[in-house]
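Comments concern the structure below.
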Amino acid sequence: MAGIVIDRIEKTFGTAKALDAVSLTVADGEFVALLGPSGCGKTTLLRIIAGLESRSGGRVLIGDRDVSDLRPADRGLAMVFQNYAVFPHMTVFENVAFGLRTKNAPEEKVRRNVMRAAELLHIEPYLERYPAKLSGGQRQRVAVARALAVEPAVLLMDEPLSNLDALLRLEMRADLKRVLQEAGTTTVYVTHDQTEAMGLADRIAVMHSGRIVQCDTPMTVYAAPATTFVGGFVGSPPMNFVPIRNEDGRARLDGFEATAPGTGELLLGFRGEDVRIDAPERGLSFAVAVAEPMGSHVLLTGTIADKLVRVVAPTGIRVAAGERIGIVPDPERVVWMSPETGAALPRIIS
Amino acid sequence: MNQRILPYLLVAPAVVFLGAFFIVPLVQTIVLSFDGGGTGNALGNYSRMVNDLNFGVSLRNTFMLVLVVVPLQLAMALAMGMMLQKIERGREMVLWIWTIPLGVSDLAAGLVWLALLQNTGYINSALFHLGLLDGPTPWLNSETPVTLFAAIVLAEVWRATAVVLIVIVAGLQTIPKEFGEAAEIFGAKPWRKFTRITLPLLKPSIQSALILRTVLAFEVFAAVYALGGRNFPVLVGEAYTWQNENQNYGVAAAYAVLIMVISLAATLVWLKALRTNPETQA
Ligand SMILES: Nc1ncnc2c1ncn2[C@@H]1O[C@H](COP(=O)(O)OP(=O)(O)OP(=O)(O)O)[C@@H](O)[C@H]1O
Ligand SMILES: [Mg+2]
């Protein structure tokens, strides 16, 4: 059993609050992605779990054991560093073998684990080379192999695939997921790439300025964001938010009308692909500014009530810049947000 | 200005300066050492040097000092440098205090330790008043070679460890902290981390520090002279004596050339022994 419990972790650098009472529970064998924009505290949180950074408050539990004051080595985890930290004075083989050697593993096991990790990350051709001769992406894979070779119960990864080209990243992502699933490794995976988080994670913890604003399955985070920030950060194109007025339980704008929670000013949130296109008077009046054919669909960018909106239309559609069309969001899939707090309002189940 | 000539013009003053005030006297010294000293034999000065009573003693003393002082200083500088890495607040202050002796000339340093250690010195009186000594005890004369040697080592360590320390600290600062952190994550205990990660990455700095320190250690003189006078002959001291007291510039030049050859040899030894493969650097 090696689940992780992060309990109200605080971190201040001088006077700046980097982490604000962050709590997160990762079940044994679960894969959680920490997703958030640059500077939101992902690396800091990961380093506190690892024991490399001091914390200003809170506790870290691994496998039901309070490890808050243990040295990194005694926490029973492996880590991939954001800047790799591959040892320059050791060959790739010795780098990958490092964790096994410190545990005095028998030579045969060292060899077996190193070869397996190297094969998985396609670094066998470089095993006898020194890291100085490798590209950034190759070094990054050495760092991942070094962490996998020790067969950790808990694995922390800080943007481990960020330097790979798109194709290799896709392949590595699939391989990584398979291997970690087979081994039942509890994984915390830092990324600011939301497709990576969506594809890999059992759950996504979305971070924003030192807090976890939502932690849920990828589909829930995508379809029912807890805040306008999550809706805007997760998904491509980001979720659209349009101000709308709710009177007597019905929100109305242009030719669109739907049952809505709360009263007064609201934000209507909808995904670009969850819409039907209709005549301008039978939906939200959308002024098209750009139409970009993407192959499988056409991406339309424009405005509704002066707000920037992006919607996905079928390939056959014929619209030109400057035209107006009607947008009808699927009422089953819309979300309602408070314009003051940016937080989601409870759905009305009808 | 022609881009190809400019760099040469810029280094020219330094080259001229070194040529006039270093290379020329060096060549003159070498020539002087081979002038035969009136014996008609080109090696006359050298045979006079080697057959002098003090030659063997001074050679042995100098090597003994180097062999004790330099490793001691390296070990201490490494220990101090590693401790400094752990200090977060006031690191500059500690480093500053540790390097104060650098600002003291070697003769002054010798005199400081003489004031502390001679038989009427502070340490003698303090121990006497504490009842640990029966009276003023001499430590620095020819009858007490062990304490004299220890006093010289002490003075040299006090005076010149900071040179090594500064090179080591500069080297430690170029090692990204993530290397040590990764080693810790993967289970390396502090000693293993030090020997497997820190030391190998520090090798170029250790090499520079050792070359610098060894060359200077072979030139040890003023501190020795202050503490022991001629009770503890060293090579540079002999050169000084031949030059000033015996007024024999030829033998003094022979000593100078010998010291230079030893220093060059020591440098070569460190260059070879601590060679780093450029591929293995970050
Ligand atoms: N050692 C430090 N001293 C002071 N401030 C720090 C330190 N480390 C991080 N910070 C600050 O803490 C905040 C969070 O940093 P962190 O490195 O955790 O961000 P991140 O989410 O990993 O970003 P990125 O995606 O760019 O790696 C940032 O505002 C950063 O400036
Ligand atoms: Mg980061």
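Quick note on labels: first sequence line is chain A, next is B, and so on, each numbered from 1.
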Within-4.5 Å side-chain heavy-atom neighbours: A:Pro88 and B:Leu201: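 Result yes, sub-4.5 Å side-chain heavy-atom pair found.
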Looking only at heavy atoms, which two atoms of [X] and [Y] are closest? And how far apart?
X        : Y        : result
B:Glu184 : A:Pro72  : OE1-CG, 3.5 Å
B:Arg192 : A:Arg101 : NH2-O, 3.4 Å
B:Ala183 : A:Phe98  : CA-CE2, 3.7 Å

Residues B:Ile197, A:His89; criterion side-chain contact (heavy atoms from CB on, under 4.5 Å); working and verdict: CA-CA 8 Å; B:Ile197 308 293; A:His89 60 292; 4.1 Å; yes
Does atom [atom1] ([X]) have a neighbourhood of more than 12 heavy atoms from anything else shown, all under 6.0 Å?
X        : atom1 : value
A:Arg8   : CZ    : no
B:Lys189 : NZ    : no
A:Glu182 : CD    : yes

Between [X] and chain B, with a heavy-atom cut-off of 4.5 Å, which part of the residue counts as in contact: side chain, backbone, both or neither?
X        : result
A:Arg146 : both
A:Asp74  : neither
A:Ala143 : neither
A:Val80  : neither

Which portion of B:Lys203 sits near chain A, non-hydrogen atoms under 4.5 angstrom: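 Neither part, no heavy atoms under 4.5 Å.
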Approximate separation, where rounding is to 0.5 Å, of A:Phe87 CZ and B:Arg196 CZ: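 Rounded to the nearest 0.5 Å, the CZ-CZ separation comes out at 11.0 Å.
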Value rounded to 0.5 Å, distance of CZ in B:Phe186 from CG in A:Leu77: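 B:Phe186 atom CZ to A:Leu77 atom CG measures 9.0 Å (nearest 0.5 Å).
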Option passing side chain to side chain contact (heavy atoms under 4.5 Å, CB included) with B:Ile185 (candidates A:Leu52, A:Val150, A:Leu156):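 With B:Ile185 as partner, side chain to side chain contact (heavy atoms under 4.5 Å, CB included) holds for just one option, A:Leu52.
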A:Met79 vs B:Glu178, side-chain contact (heavy atoms from CB on, under 4.5 Å): CA-CA, chis, key distance, verdict: CA-CA 11 Å; A:Met79 181 164 170; B:Glu178 280 82 4; over 6 Å; no
For chain B, the option from A:Ala50, A:Ala73, A:Gly76 that forms the most heavy-atom pairs under 4.5 Å: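 That would be A:Ala73.
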